[in-house]
2 protein chains.
Amino acid sequence: MMLSKTSEYALRSLMYLALQATKEHKVGIKEISQELDLPMHFTGKILQDLVRKGLVASLKGPNGGFFLNHPASTITIMDVIKVVDGGEAFKRCGLGMNKCSDTHPCPLHEDFKVFRDGLARVFNQKTIHDLVQEVGTGHAFIKNLVEVS
Amino acid sequence: MMLSKTSEYALRSLMYLALQATKEHKVGIKEISQELDLPMHFTGKILQDLVRKGLVASLKGPNGGFFLNHPASTITIMDVIKVVDGGEAFKRCGLGMNKCSDTHPCPLHEDFKVFRDGLARVFNQKTIHDLVQEVGTGHAFIKNLVEVS
DNA sequence: CACATAAAGCATATAAATATCCTTTAATCC
DNA sequence: GGATTAAAGGATATTTATATGCTTTATGTG
């Protein structure tokens, strides 16, 4: 609702890379998509884009794959969102009005601003490193739970 | 980013009805879409839907149009969102994971929850009446500012 | 009753997001 | 150098959200 699926996939893939990949041990699309339960080709597309934008590096061929181009502690959530969705999402009016500001507010402006800006602040501060730390300690998860039939 | 355009249009249309329409003086699609700068036919569709769901009433023919079926003070923002987008938007995981809960959280869960639930609380409390009150006092606006060329 | 008005209903168009497939290119291994 | 592996690139498919147009039905007016 807040982030596009593309952003969600990008963030989870980056977390997976932060956890599993190094320049020496790269990780391929197949592994990422299988482990995170993501559509393979689409994930490939997204990773390609992240390479172009410089967040991720890649190498072709055997033992090829993806790995983070910079330390995970230097990549904020907002960096990723901006690269993938563009930076406008957190500026929009809650009611979609063309001009909505403190001086010409929509009736939802004040309430909405609090949450939108609060979330933006979190996204600007938290890095991929912060996120995976919780995964490392077992306090959080990035893999989907499998449905049992 | 948060609400679909459909919800945004619905909310603004309902506010317009609350301000301008009564059972005696109904308001047509043409007026609503012109005043609020919304796509006319699409707005018609949305209003139709709101009629079906019981939030709005309508009458055909000359002097026909739309008007609120219930007092504006009894329609919450969330009522509208639920009717238009379905009630699931405010339950989704911030990273789109299939299961994400306090016991099996994604790395964003705690931070995200605060804002998502906070906004949901506002949406559950605020009514169309609350929103238009600010418009009535001139402290807020529902009409788009016109671009001057 | 004929005519005008305005929503309802339905079919369709367009755009954007999401997803897949296939060919090409680069790297490694033998 | 030939075979294999894996990403890059580009074309295309599918789905969902957004938007429009046309026909039908109900209401009011002269």
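Contact annotation for A:I29: backbone-only contact, meaning every heavy-atom pair under 4.0 Å involves sugar-phosphate atoms and none involves a base. Counting any heavy atom pair closer than 4.0 Å across all strands shown, A:K45 reaches a base atom. Residue B:G44 is classed as having no contact, given no heavy-atom separation below 4.0 Å to the nucleic acid.
Note on A:Y9: a side-chain N or O is less than 4.0 Å away from OP1 or OP2 of C:dA19. Contact between the side-chain N/O atoms of A:T6 and the OP1/OP2 oxygens of C:dT18 is found at a separation under 4.0 Å. The phosphate of D:dG9 (OP1 or OP2) has a side-chain N or O of A:R52 nearer than 4.0 angstrom. Distances shown here put a side-chain N or O of A:S58 below 4.0 Å from the OP1 or OP2 atom of D:dA8.
When rounded to the nearest whole Å, the span between NZ of A:K60 and C1' of C:dA26 equals 5 Å. Look at NZ on B:K26: it is 12 Å from P on C:dA6, rounded to the nearest Å. Rounded to whole Å, the distance from NE2 on B:H25 to C1' on D:dG28 is 17 Å. As rounded to whole Å, 14 Å separates atom C1' of C:dA19 from atom CD of A:Q48. Between the P atom of C:dT14 and the NE2 atom of B:H41 lies a distance of 14 Å, rounded to the nearest Å. The CE-C1' distance, from B:M40 to D:dA19, rounds to 12 Å in whole Å. Atom C1' of nucleotide C:dA19 and atom CG of A:L38 are separated by 12 Å, given to the nearest angstrom. Spacing between atom CD of B:E8 and atom C1' of D:dT18 amounts to 12 Å, rounded to whole angstrom units.
Counting only distance, with no hydrogens or angles, the side chain of B:R116 and the backbone of B:R92 share a donor-acceptor pair below 3.5 Å. Side-chain atoms of B:N124 come within 3.5 Å of backbone N or O of B:A120 as a donor-acceptor pair.
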N/O donor to acceptor pairs below 3.5 angstrom from side-chain atoms of residues 53-62 of chain A, sequence neighbours left out:
residue : atom : partner : partner atom : Å
A:K53   : NZ   : A:V83   : O            : 3.4

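Comparing A:P62 and A:T43 by the nucleotide of DNA chain C that holds the closest heavy atom to each, the one mapping nearer the 5' end is A:T43. Each of A:S4 and B:A57 was assigned the nucleotide of DNA chain C with the nearest heavy atom; the assignment lying further toward the 5' end belongs to B:A57. Nearest-nucleotide positions on DNA chain D for B:D85 and B:L59 put B:D85 closer to the 5' end.
Between C:dA19, D:dT20, D:dT29, one nucleotide has an atom nearer to the side chain of A:P39 than all others, and that is C:dA19.
Counting heavy atoms from C-beta outward, A:H129 and A:T74 have side chains that stay 4.5 Å or more apart.
With sequence neighbours left out, the side chain to side chain donor-acceptor pair (under 3.5 Å) criterion links A:D130 to A:T127.
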